[in-house]
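Reading through the structure tokens given below for one structure.
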Amino acid sequence: MTNHAFLSKVPLHSLLMESPGTTYHRIASPTFRHRAVMGLFEDVDSVKPREKLNVLFRLETPTTEPPYLLIQSAVSPSDEALMNISGLQCKEIELKAPTSGTPVAFRIAVNAIRRTTITIDPHKRRTLVKPVELDGTDSPNPTISEWIAAKLESALTELSVTNHLREVITDPRTKKKPRTMTVQVDTIDGVARVADPVSLEKILSDGIGREKAYGCGLLTIRPLR
């Protein structure tokens, strides 16, 4: 199985120039990230346009160039976006997994949280949301390396985390919306070995986990041989 997709790269400063002064106009806002990315595509007749276009993205902050959003989608950004968004680059790619046993480097952005449902009384339950514990934490629960290895075990084995960055982004409070949206984004780098190419290609295509609309779920890999 080989899937085709479009991979786009757009500088953050170009997106920030599009609608200055709006309420959510800051990169630390999950709503801004979602709207900025989806605004690059033609409107679609769907109640879930992100799913319809299979859009996944994550924030990249390299040391050698300005930060940008890396976006994977089933269709290309609109002609208008390609012409008018400064620095927007797009190319068609194959989402083809290496053969079983191939060592790979990977990067993934995920929403590494743990949900637990507790019973308050016989008629009421409450869901508690807590971050997955960091490596080195004295915890009875799996830490981030164990947690991501379990999430990807159908596709990757012998997984080892080499770098982990946790970012918590929040929409600004307003009078109309005193309760804000908050999303935790964990960007994880590591190495692993391909266990099942079919399973890996599905994750490469569809992403994994929650909060895909806000910059989580995108996995990319690079063969090491």
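Note that the structure is a prediction, hence the values are computed from the model and not measured. We count residues from 1, following the sequence as given.
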### Query
Quick check: does any side chain N or O of Q72 sit under 3.5 Å from a backbone N or O of L204, one acting as donor and the other as acceptor?
yes

### Message
What verdict does the side-chain contact (heavy atoms from CB on, under 4.5 Å) test give for V183 and V168, after you've listed the backbone C-alpha separation in whole Å, the side-chain angles of each residue and the deciding distance to 0.1 Å?
### Response
CA-CA 6 Å; V183 178; V168 178; over 6 Å; no

### Message
Show the nearest heavy-atom pair for residues N54 and S205, with the distance to one decimal.
### Response
ND2-O, 3.0 Å

### Side-chain donor-acceptor pair present, R58, T220, cut-off under 3.5 Å
yes

### Side-chain heavy-atom pair S100, P197 within 4.5 angstrom cut-off
yes

### Whether over 12 other heavy atoms sit under 6.0 Å from E80 CD
no

### Query
Counting N and O atoms only, with roles assigned by atom type, does the side chain of R193 sit under 3.5 Å from a partner on the main chain of E158, one being a donor and the other an acceptor?
no

### Task
Mark yes or no for whether K212, through its side chain, and F57, through its backbone, hold a donor-acceptor pair below 3.5 Å.
no

### Salt-bridge contact E133-R114 (side-chain N to carboxylate O under 4.0 Å)
yes

### Message
So C90 and L82, do their side chains get closer than 4.5 Å, heavy atoms only?
### Response
yes

### Message
Quick check on the hydrophobic clustering: are V55 and V44 connected, directly or via other members, by side-chain heavy-atom contacts under 4.5 Å?
### Response
yes

### Message
For the NZ atom of K151 and the CD1 atom of I188, what is their distance to the nearest 0.5 Å?
### Response
11.0 Å

### Message
Are R107 and N163 packed together at the side-chain level, in the sense that at least one heavy-atom pair is separated by less than 4.5 angstrom?
### Response
no

### Message
Measuring only between side-chain heavy atoms, which start at C-beta, is P98 closer than 4.5 Å to I221?
### Response
yes

#### Entry: Straight-line distance of L12 CG to R26 CZ, nearest 0.5 Å
14.5 Å

### Query
Within the side chain of S78, is there an N or O that forms a donor-acceptor pair under 3.5 Å with the backbone of F41?
no

#### Entry: Value rounded to 0.5 Å, distance of CG in L219 from CG in L152
6.5 Å

### Task
Dump the intermediate steps for side-chain contact (heavy atoms from CB on, under 4.5 Å) on L59 and Y68, then the final yes or no.
CA-CA 6 Å; L59 175 65; Y68 62 90; over 6 Å; no

### Query
Are L56 and I93 linked, directly or through other ILVMFWY residues, by side chains that come within less than 4.5 angstrom of each other?
yes

### Query
With the 4.5 Å side-chain cut-off for hydrophobic clustering, are M38 and L16 part of the same group?
yes

### Message
Would I108 and L218 count as a side-chain contact (heavy atoms from CB on, under 4.5 Å) here? Give the steps.
### Response
CA-CA 6 Å; I108 187 169; L218 176 61; over 6 Å; no

### Query
How many angstroms lie between atom CG of L53 and atom OG of S46, to the nearest 0.5 angstrom?
8.0 Å

#### Entry: Where P67 and P62 come nearest, the two heavy atoms and their spacing
CA-CD, 4.4 Å

### Message
Is it the case that the side chains of T182 and T170 hold a donor-acceptor pair, with the cut-off being a distance below 3.5 Å and no angle test?
### Response
yes

### Message
Return the OH to OG1 distance between Y214 and T31, rounded to the nearest 0.5 Å.
### Response
5.5 Å

### Task
Check whether any side-chain heavy atom of F32 lies under 4.5 Å from a side-chain heavy atom of D171, and answer yes or no.
no

#### Entry: Donor-acceptor contact present, side-chain T102 to main-chain T99, <3.5 Å
yes

### Message
Rounded to the nearest 0.5 Å, what separates atom CG in D45 from atom NZ in K52?
### Response
8.0 Å

### Message
Side-chain heavy atoms nearer than 4.5 Å, only ILVMFWY residues, links allowed to pass through others: does that put V104 and I203 together?
### Response
yes

### Summary
Correct closest heavy-atom pair for F106 and L156 would be CD2-CD1, 4.4 Å

### Residue pair L224 / V191, side-chain heavy-atom distance below 4.5 Å
yes

### Task
Measure from the side-chain N and O atoms of Q184 to the backbone N and O of A112, and report whether any donor-acceptor pair falls under 3.5 Å.
yes

### Task
Using a strict 4.0 Å threshold on nitrogen-to-oxygen distance, state whether K9 and E60 make a salt bridge.
no

### Task
State, to 0.1 Å, how close A36 and L40 come at their nearest heavy-atom pair, and which atoms those are.
O-CG, 3.5 Å

### Task
Give a yes-or-no answer on whether the side chains of D186 and H164 include a donor-acceptor pair shorter than 3.5 Å.
yes

### Task
Say whether L95 and L70 are linked into one hydrophobic cluster, either directly or through other cluster members, by side-chain heavy-atom distances under 4.5 angstrom.
yes

### Task
Decide side-chain contact (heavy atoms from CB on, under 4.5 Å) for K96 and N3; before the verdict, give the C-alpha distance in whole Å, the side-chain angles of both, and the deciding distance to 0.1 Å.
CA-CA 7 Å; K96 182 173 177 60; N3 297 315; over 6 Å; no

### Query
Do E146 side-chain atoms and T143 backbone N/O form a donor-acceptor pair below 3.5 Å?
yes

### Task
With the side chain counted from C-beta on, respond yes when V132 and P142 share a heavy-atom pair under 4.5 Å apart, and no when they do not.
no

### Donor-acceptor contact present, side-chain T137 to main-chain S139, <3.5 Å
no

### Message
If only side-chain N and O atoms count, and only distance matters, is there a donor-acceptor pair under 3.5 Å linking D189 with T162?
### Response
no

### Considering all heavy atoms, the nearest V75-S73 contact
O-OG, 2.6 Å

#### Entry: Nearest heavy atoms of V185 and C216, plus distance in Å
CG2-SG, 3.9 Å

### Task
Evaluate the side-chain proximity of R33 to I27: yes if any heavy-atom separation is below 4.5 Å, no if none is.
yes

